[in-house]
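Scroll down for the structure; my scribbles are underneath it.
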Amino acid sequence: MGDTNGQVVAGGNGRGNRLDQLNSPIDVLIDKETDSLIICDLGNQQVVRWSRRSGTTQGEILIDNIFGYGLTMDDQRYLYISDPDKHEVKRYQIGDKNGTIVAGGNGKGAGLNQLNGPRYIFVDQQQTVYVSDGDNNRVMKWNKGAKEGIVAAGGQGQGNALTQLYYPQGLFVDTLGTIYVADGYNSRVMRWPKGAKQGTVIVGGNGYGEGANQFDDLQGLSFDRHGNLYVADYGNHRVQRFSIE
């Protein structure tokens, strides 16, 4: 906090596929148990782990041959990875390279058992998987072991009505089941209470732009423990912080 310069903790040796390089890393999480970073290395189609200990100069490959985009870990240290190329989300035990499909996996489509370009994911304490189903303009909720999902937000075609999403991206779900979603091409963050047919705009919604309450293609989002919202404002090359009531 307060730093004006960051420090390189993984990669930093140009774009490439050596173990000391990354190629278009798209998502990252911290594994507290091993004090390491787990990274979706999209351009190399692999998921890698880099120790956070000082002196680390290269990563190790956890999973290869995966077009991994979104990444999260549950309380039992299972990894969940979305694959927009195969239109599925898989769960992996660390050390297992095969994984189990937990959402989608029935080809590209808009059926309740399908996904179309899944992006970000969020997993709650019951191992319920929420996924931003980008090209279907909806957020899907897959209960543990379910054969099909439930539309939890959007799903009314692309548009900017309060019942609609337009290419949803980052996701966060609170303990009440309220969904916070980065509504990418609508340049807004929406809040959808559990079971609601429409959401409310909590930040943005003022069109594309560089203003303090505007975005240009927003992507990931996250909350800190004080309730501050952080949004990756991709097209404006910045991260914005908002205090949410």
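Quick note: residue numbers are just sequence positions, from 1.
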Do [X] and [Y] belong together in a cluster built from hydrophobic side chains that touch within less than 4.5 Å?
X	Y	result
Y234	V231	no
F215	I244	yes
I150	L112	no
V203	L171	yes
V102	I81	no

Closest contact, heavy atoms only, [X] versus [Y]:
X	Y	value
I179	A152	CD1-CB, 3.4 Å
I39	P25	CG2-CB, 3.7 Å
G204	V201	O-CG1, 3.6 Å
L221	V189	CD2-CG1, 4.0 Å
G184	L218	O-CD2, 3.3 Å

Mark yes or no for whether [X], through its side chain, and [Y], through its backbone, hold a donor-acceptor pair below 3.5 Å.
X	Y	answer
K147	N113	no
N136	G109	yes
K97	L62	yes
N13	D20	yes
D83	G68	no
S82	R119	yes
N23	R15	no
D233	D216	yes
D224	H226	yes
N186	G159	yes

Test side-chain contact (heavy atoms from CB on, under 4.5 Å) applied to V9 and W50, step by step: CA-CA 8 Å; V9 290; W50 282 66; over 6 Å; no
Can you confirm whether [X] sits close enough to [Y] that some side-chain heavy atom of one is under 4.5 Å from a side-chain heavy atom of the other?
X	Y	value
W192	V139	no
Y166	D183	yes
E60	L19	no
D75	Q125	yes
Y92	I66	yes
R138	P168	no
V123	Y78	no
Y130	Y120	no

Distance (rounded to the nearest 0.5 Å) between L42 CG and L22 CG: 11.5 Å
From Q156 atom CD to T163 atom OG1, the distance as rounded to the nearest 0.5 Å: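 Between Q156 CD and T163 OG1, I get 5.5 Å after rounding to 0.5 Å.
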side-chain contact (heavy atoms from CB on, under 4.5 Å) evaluation trace for N213 with F242: CA-CA 9 Å; N213 201 9; F242 300 89; 3.9 Å; yes
Crowding at CD, Q58 (>12 non-hydrogen neighbours, <6.0 Å): yes
side-chain contact (heavy atoms from CB on, under 4.5 Å) between D64 and N44, worked out: CA-CA 8 Å; D64 53 13; N44 286 323; over 6 Å; no
side-chain hydrogen bond (donor to acceptor under 3.5 Å, both in side chains) partner of D31, chosen from R49, R77, R52: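 For D31, the side-chain hydrogen bond (donor to acceptor under 3.5 Å, both in side chains) test succeeds with only one of R49, R77, R52, which is R77.
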side-chain contact (heavy atoms from CB on, under 4.5 Å) between I38 and V28, worked out: CA-CA 6 Å; I38 298 176; V28 61; over 6 Å; no
